[in-house]
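Owing to the predicted nature of the structure, the values given are computational and were not obtained by experimental measurement. A, B, ... follow the sequence lines: proteins, then strands. Residue 1 opens every chain.
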4 protein chains.
Amino acid sequence: MVAVAEPKRADARRNRARLLAAAEIVLAERGTGAPTEQIAKAAKVGIGTLFRHFPTKESLLKAVLAERMRRFAEAAGEHAEAEDPGSAFFAFLAQWVEMAAVKNAYADALAEVPRVDREVREGVLHSLGILLTRAQEAGAVRHDVGVREVIALMVGTSRAAEHLGEDAALRRRTVEIVFDGLRTRPAPGAGASR
Amino acid sequence: MVAVAEPKRADARRNRARLLAAAEIVLAERGTGAPTEQIAKAAKVGIGTLFRHFPTKESLLKAVLAERMRRFAEAAGEHAEAEDPGSAFFAFLAQWVEMAAVKNAYADALAEVPRVDREVREGVLHSLGILLTRAQEAGAVRHDVGVREVIALMVGTSRAAEHLGEDAALRRRTVEIVFDGLRTRPAPGAGASR
Amino acid sequence: MVAVAEPKRADARRNRARLLAAAEIVLAERGTGAPTEQIAKAAKVGIGTLFRHFPTKESLLKAVLAERMRRFAEAAGEHAEAEDPGSAFFAFLAQWVEMAAVKNAYADALAEVPRVDREVREGVLHSLGILLTRAQEAGAVRHDVGVREVIALMVGTSRAAEHLGEDAALRRRTVEIVFDGLRTRPAPGAGASR
Amino acid sequence: MVAVAEPKRADARRNRARLLAAAEIVLAERGTGAPTEQIAKAAKVGIGTLFRHFPTKESLLKAVLAERMRRFAEAAGEHAEAEDPGSAFFAFLAQWVEMAAVKNAYADALAEVPRVDREVREGVLHSLGILLTRAQEAGAVRHDVGVREVIALMVGTSRAAEHLGEDAALRRRTVEIVFDGLRTRPAPGAGASR
DNA sequence: CATGAATGAGGCTTCATTCAT
DNA sequence: CATGAATGAAGCCTCATTCAT
């Protein structure tokens, strides 16, 4: 799936992969503003080759994003197979947030979900949907949240964590607050305010 | 406080204000990358004037940020005087998040708290600190959170809300989850998981 | 002489003088490229005042030049009254060159002689002419050189000295070579080559 | 020597040469302040190309300078092989000064000797050193001058000649004075004055 | 008259994209 | 196909000069 006309020749395919990998790194470090030439250099490829594979910087950015999401979906899928769905759900969230806190690129990726190609987006929603549903069925997560809320919260919590920087304890405490909000309400009466 | 040597002449002061206002708008719309020239044009001022008031683009960005924070601190201060500290606290958060969702610039501002001039930063921490403490004393907010966590959560929740875009109901639900995490735990035994 | 419509009011005249003095210093240090504003600041005068007195940067530069030449002519005049015309001539040259080596602005001034207002130029040629003639009459300087050659050599030697920088001994040796060229040829037969 | 990593591709090498040539001309005419864009235009090359070859205006200026010095050293080398070392020495000086009088850029080049890359500088000092030494051995030039004095005098005399402008006879007479200063003193007793 | 804020042309440099080799 | 040189629009900033205060 996600065919996108893979090039035939072996070296071409390899160059594409190298470019994607290099872009992943460079963009994560220098941000979207990083010059294409630097990406090409990191990939040990001529700038011309970069533009052959991705006719526009924009298109390269999108490809990197899609790649990140694919990994996100994959990771969600793996966690969905765990024994304890509740722990798996929170573990997945915690892990992703932690990664995003270090490499804000991950948060960016998730934030772009609505803008990415349908195919990729569906994959993400699907995988995460399974993980979430199981956690809810296991009674670990409140039932009035859906995948979109979870993604939004992951995006937000990543930013929050990123914002807190070095202090790991502070970061964990903050994340835990959001998690507490996601958990099944222990007692009755607490319902939404406002 | 935060005087920054206001220029004496009337036209100069007016132009500075116009530039700040124009920058506020343009930067909110186009992001930090917006050309200085566009800001100058929006302020109906020559580019030279912009650079006379803010010798560097960087310095203009910082000034805009500081201005936003000043407004944030002011708003927090006003809410701190409300009768019901609990409601006031959450109302303030909700309002800010809602604003930030529309104008992501507000989220940016908060996210930059650590990098802003000490004076401005102190103002923000102080105002929000009072608001938070009162809400905690009123039993509306759990006691194991501090100002920094709250700011981080505001940053994050703003991003989350921003990410959710149009759908107001969805946005409110998501925000509510975070708020629930912040509230005093209704029953015992619920402590941190993980 | 050199009237140039001196302003009437006392403070105006004082400002003009201050500007000229400031320009002298700043231009000598930073070169012709120095911003007018810096000159105004050095003169403790608003930029507007500078442009009131000198409607153009160009005109300020010319005024500074003229001023330098006036001093040059004056100095030449003083040396022309010395007892030993030969020594006086070389002493004058050496002194000027030494000054020019430190402050290349002096060399510039001389170099601009042909472009300066006639009145000023005449003054320079006249004063130096007297000094030269006396030295020649005293048998210290060869008779086949005129004022223009001397000025050209002063310009050149200043540059040479300036070029040599710190090393005072080297500088003196080099200057001495030119002076030797200027002196009356000791023996016959040696005439010009080429 | 002085390789400087010549680019491989033919067009690149050609453009670099064109840029250098254009810069040589434009800088000679308009001085160091000439806009880079004009140089690019003169070279019939996009401004981007100029900055690809010379990442900084500064670096272009240095390259032009180095090129001039290379030519200077080469010319000196050629003259050093002449039969009559004395005439060759003065002929070389006269020729250079004459060139410099027309194109003041040549004088500039020499004046920058101390600031240029060691390699280039050494080349200049070496070539001129040989020429000078031979002329001294042939008894045509006084023994108490070294290469640095000669360069300084060339710089200075060039300026002097340049300053004199059109009048060729006057120029020649002036240059001759310096040359006389450089020649072996014909009779005894002439020692340094001052 | 003095002041200094306003102006905008112009300078240097970067970078996405095209194209000859 | 790969390469990297060429291109020029666009960005940030400087500075001589004008003009309202």
Find the distance [X]:[atom1] to [N]:[atom2] and express it as a whole number of Å.
X       : N      : atom1 : atom2 : value
B:Asp11 : F:dA20 : CG    : P     : 11 Å
C:Arg30 : F:dT14 : CZ    : C1'   : 16 Å
C:Leu19 : E:dG4  : CG    : P     : 13 Å
B:Phe51 : F:dC12 : CZ    : P     : 6 Å

Under 4.0 Å between a side-chain N/O of [X] and OP1 or OP2 of [N], yes or no?
X       : N      : result
D:Asn15 : F:dA5  : no
D:Thr36 : E:dG11 : no
A:His53 : F:dC1  : no

- Message: Expected output check: what is the dot-bracket annotation of DNA chain E, where ( ) and [ ] are pairs inside the strand (brackets for crossing ones), | is paired with another strand, and pairs are Watson-Crick or G-U under 3.5 Å?
- Response: .||||||||||||||||||||

- Message: Given 3.5 Å as the limit, does a donor-acceptor pair link the side chain of A:Arg18 with the main chain of A:Ala43, or not?
- Response: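 Side chain of A:Arg18 to backbone of A:Ala43: a pair is present.
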
- Task: Check every strand shown and say whether B:Thr49 touches a base, only sugar-phosphate, or nothing at a heavy-atom separation below 4.0 Å.
- Result: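 The answer is base, as B:Thr49 lies within the cut-off (heavy atoms under 4.0 Å) of a base atom.
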
- Query: How about A:Arg71: does its CZ atom have over 12 heavy atoms from other parts shown lying under 6.0 Å from it?
  - Reply: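 Yes, the 6.0 Å shell around CZ holds more than 12 heavy atoms from other groups.
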
- Item | 5' precedence on DNA chain F between A:Leu50 and C:Glu37 (nearest-nucleotide basis) |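 Its nucleotide being nearer the 5' end, the pick is A:Leu50.
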
